[in-house]
Student: 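Before I ask anything, here is the structure I am working with.
Note that the numbering runs from 1 along the sequence shown for the chain.
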Amino acid sequence: MRETDLYAPVKAFLEGQGYKVKAEVKDCDVVALRDEDPPLIVELKTSLNLTVVLQAVDRLAMSETVYLAVPSGVGPKGRRRKTQVTQLCRRIGIGFMLVDLDRELVTIECDPGPYHPRRQARRSSALLKEFAKREGDFNSGGQSGRPLVTAYRQDALRLVRALSDEPKSPKNLKAETGVLRAGIILRDNHYGWFFRVEKGVYSVSDAGLEALNMYRDVIAALE
């Protein structure tokens with residue numbers, strides 16, 4: 001596939017909107033004019049990368065109406081990619097077109113214009129809640145090595161520490177550790193750190209004992 005393969009469908013689409021269209025004008029892949037509207041610029045690309053995005057942003061110095069056009073993706077990964085790129089284009093003020101070469105169909109995913117983000121109160125609240133519930137700072141930016149220390153993992157470590165001596169019930173663990181969701185953590189056992197000795201009584205697994213060593217700095221801070 002070549003960038004020139006995208007030109008005919010994009011040109012036909014814009015001409016259908018009343019534009020006069022020409023290719024390769026002052027390094028712009030596509031330039032379209034209509035009445036007194038500002039020039040409409042389209043950058044044709046067969047794939048997406050940072051260079052492509054920066055090139056589209058550079059065209060904003062020539063016109064406020066700039067689009068990026070790429071072949072349409074297929075499958076779950078393609079749909080997810082489309083959503084991510086659409087969100088990025090909205091944030092930087094450029095338009096985004098998808099070109100279906102089989103059907104010669106152009107779809108506008110977003111138009112150029114100022115971005116007005118909609119704050120998602122639920123996600124913001126979850127961020128603040130997680131920050132508040134974590135004790136200490138045991139992760140590093142661009143985390144690598146051991147799994148992240150989250151508030152949930154800290155609570156699970158509290159239970160591992162409490163169970164390292166002897167099996168206990170969720171009720172006793174809740175009273176001893178202050179972990180209100182002790183029963184849920186033991187039941188779900190996301191990390192494989194626990195096992196049920198008998199009904200209503202849990203102990204720590206070999207994986208849990210290994211976690212005591214891996215996260216010994218965290219456990220020491222939780223004491």
Student: Considering only heavy atoms from C-beta outward, does the side chain of Val70 approach that of Leu6 to under 4.5 Å?
Tutor: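 No, side chains not in contact.
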Student: Take Asp29 and Glu24 through the test side chain to side chain contact (heavy atoms under 4.5 Å, CB included) and record every step on the way to the result.
Tutor: CA-CA 5 Å; Asp29 292 338; Glu24 296 299 332; 3.5 Å; yes
Student: What are the two closest non-hydrogen atoms of Val160 and Gly208, and how far apart are they?
Tutor: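 In this case the closest contact between Val160 and Gly208 is CG1-O, 3.4 Å.
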Student: When rounded to the nearest 0.5 angstrom, what is the spacing between CG in Asn139 and CZ in Arg153?
Tutor: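 Going from the CG atom of Asn139 to the CZ atom of Arg153 covers 9.0 Å.
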Student: Restricting to non-hydrogen atoms, name the atom on Pro167 and the atom on Val201 that form the minimum distance, rounded to 0.1 Å.
Tutor: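 Heavy atoms only, the tightest pair is CB-CG1, 3.6 Å.
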Student: If two hydrophobic side chains count as joined below 4.5 Å and joins carry through other members, does Leu212 share a cluster with Val179?
Tutor: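 Yes, because Leu212 and Val179 connect within a single hydrophobic cluster, where side-chain heavy atoms sit under 4.5 Å apart.
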Student: Report the distance from atom CZ of Phe138 to atom OG1 of Thr150, rounding to the nearest 0.5 Å.
Tutor: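 Between atom CZ of Phe138 and atom OG1 of Thr150 there are 12.0 Å.
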Student: Taking C-beta and beyond as the side chain, do Phe96 and Ile108 meet within less than 4.5 Å on heavy atoms?
Tutor: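 Answer no - side chains too far apart.
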Student: Measuring from Thr83:OG1 to Leu88:CG, what's the distance to the nearest 0.5 Å?
Tutor: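 So the gap between those two atoms works out to 12.5 Å.
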Student: Looking at side-chain heavy atoms only, is the closest gap between Met62 and Val31 below 4.5 Å?
Tutor: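 A side-chain contact is absent here, since even the closest heavy-atom pair is not under 4.5 Å.
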Student: Working to the nearest 0.5 angstrom, can you tell me the gap between Leu173 CG and Arg158 CZ?
Tutor: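 Taking CG in Leu173 and CZ in Arg158, the distance rounds to 13.0 Å.
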Student: With a cut-off of 6.0 Å (strictly less than), are more than 12 heavy atoms of other residues, nucleotides or ligands near CG of Asn213?
Tutor: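 Yes, because the 6.0 Å sphere around CG of Asn213 holds more than 12 heavy atoms from other groups.
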Student: On the 0 to 90° scale, with breaks at 30° and 60°, tag the Tyr152-Tyr191 ring pair as parallel, tilted or perpendicular.
Tutor: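 Perpendicular, since the angle between the ring planes exceeds 60°.
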Student: Walk me through it: do Val10 and Glu104 pass the test side chain to side chain contact (heavy atoms under 4.5 Å, CB included)?
Tutor: CA-CA 8 Å; Val10 170; Glu104 295 190 350; over 6 Å; no
Student: Write down the atom of Leu98, the atom of Ser72, and the distance for their closest heavy-atom approach.
Tutor: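 That closest heavy-atom pairing would be CD2-CA, 4.0 Å.
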Student: Check whether Leu60 and Leu33 end up in the same hydrophobic cluster, where Ile, Leu, Val, Met, Phe, Trp and Tyr are linked by side-chain heavy atoms less than 4.5 Å apart.
Tutor: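 No, no single cluster joins them.
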Student: Pairs in or reaching into residues 58-70: which pass side chain to side chain donor-acceptor pair (under 3.5 Å), with residues at least two apart or in two chains?
Tutor: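 Of all non-adjacent pairs touching residues 58-70, those that pass side chain to side chain donor-acceptor pair (under 3.5 Å) are Glu43-Arg59, Tyr67-Asp111.
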Student: One pair to check against side chain to side chain contact (heavy atoms under 4.5 Å, CB included): Asp100 and Thr107. What are the steps and the verdict?
Tutor: CA-CA 8 Å; Asp100 186 330; Thr107 304; over 6 Å; no
Student: Using side-chain heavy atoms (C-beta onward) and a distance below 4.5 Å, is Leu44 in contact with Val99?
Tutor: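 Leu44 does not reach Val99 side chain to side chain.
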Student: Please walk me through it: do Gln55 and Lys45 pass side chain to side chain donor-acceptor pair (under 3.5 Å)?
Tutor: CA-CA 11 Å; Gln55 189 177 53; Lys45 302 300 170 186; 2.7 Å; yes
Student: Do NZ/NE/NH1/NH2 and the carboxylate oxygens of Asp35 and Lys20 come within less than 4.0 Å?
Tutor: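 Salt bridge between Asp35 and Lys20, a charged N being under 4.0 Å from a carboxylate O: no.
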Student: Could you tell me whether the side chain of Leu159 reaches within less than 4.5 Å of the side chain of Thr177, counting heavy atoms only?
Tutor: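 Thr177 vs Leu159: side chains touch.
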Student: Has the side chain of Ser205 got a donor or acceptor atom that lies under 3.5 Å from a matching backbone atom of Gly192?
Tutor: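 Judged by distance alone, yes, a pair lies under 3.5 Å.
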Student: Is Ser125 reaching over with its side chain to a backbone N or O of Ala121, donor-acceptor style, under 3.5 angstrom?
Tutor: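 No; judged by distance alone, with no hydrogens or angles, the pair does not exist.
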Student: Just grab all the salt bridge (Lys or Arg N to Asp or Glu O under 4.0 Å) pairs involving residues 169-185, residues at least two apart or on different chains.
Tutor: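 Listed by first then second residue: Asp155-Arg181, Lys168-Glu176.
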Student: Can you tell me how far CH2 of Trp193 sits from CG of Leu186, rounded to the nearest 0.5 angstrom?
Tutor: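 Reported to 0.5 Å precision, the distance equals 12.0 Å.
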Student: Please name the pair of heavy atoms, one in Cys110 and one in Ile94, separated by the smallest distance, quoted to 0.1 Å.
Tutor: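 Looking at all heavy atoms of both residues, the shortest contact is SG-O, 3.7 Å.
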Student: Using every non-hydrogen atom in the two residues, find where Phe194 and Ala156 come nearest and quote the distance to one decimal.
Tutor: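 Phe194 and Ala156 have their closest heavy atoms at CZ-O, 3.6 Å.
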Student: Working to the nearest 0.5 angstrom, can you tell me the gap between Lys199 NZ and Arg196 CZ?
Tutor: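 The CZ atom of Arg196 is 8.0 Å from NZ of Lys199, to the nearest 0.5 Å.
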Student: Do Gln154 and Val149 have side chains that approach each other closer than 4.5 Å (heavy atoms only, starting at C-beta)?
Tutor: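 Side chain of Gln154 against side chain of Val149, heavy atoms only: contact under 4.5 Å found.
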Student: Could you go through the side chain to side chain contact (heavy atoms under 4.5 Å, CB included) check for Leu40 and Arg34 one step at a time?
Tutor: CA-CA 9 Å; Leu40 187 153; Arg34 181 178 64 186; over 6 Å; no
Student: Side chains of Val21 and Tyr7: closer than 4.5 Å at any heavy-atom pair?
Tutor: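 A side-chain contact under 4.5 Å exists here.
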Student: Is the shortest heavy-atom distance from the side chain of Val42 to the side chain of Leu14 under 4.5 Å?
Tutor: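 The answer is yes; the side chains approach within 4.5 Å.
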Student: Identify the two heavy atoms, one from Tyr202 and one from Val197, that lie closest to each other, and give their separation to 0.1 Å.
Tutor: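 Smallest heavy-atom distance, with atoms named: C-CG2, 4.1 Å.
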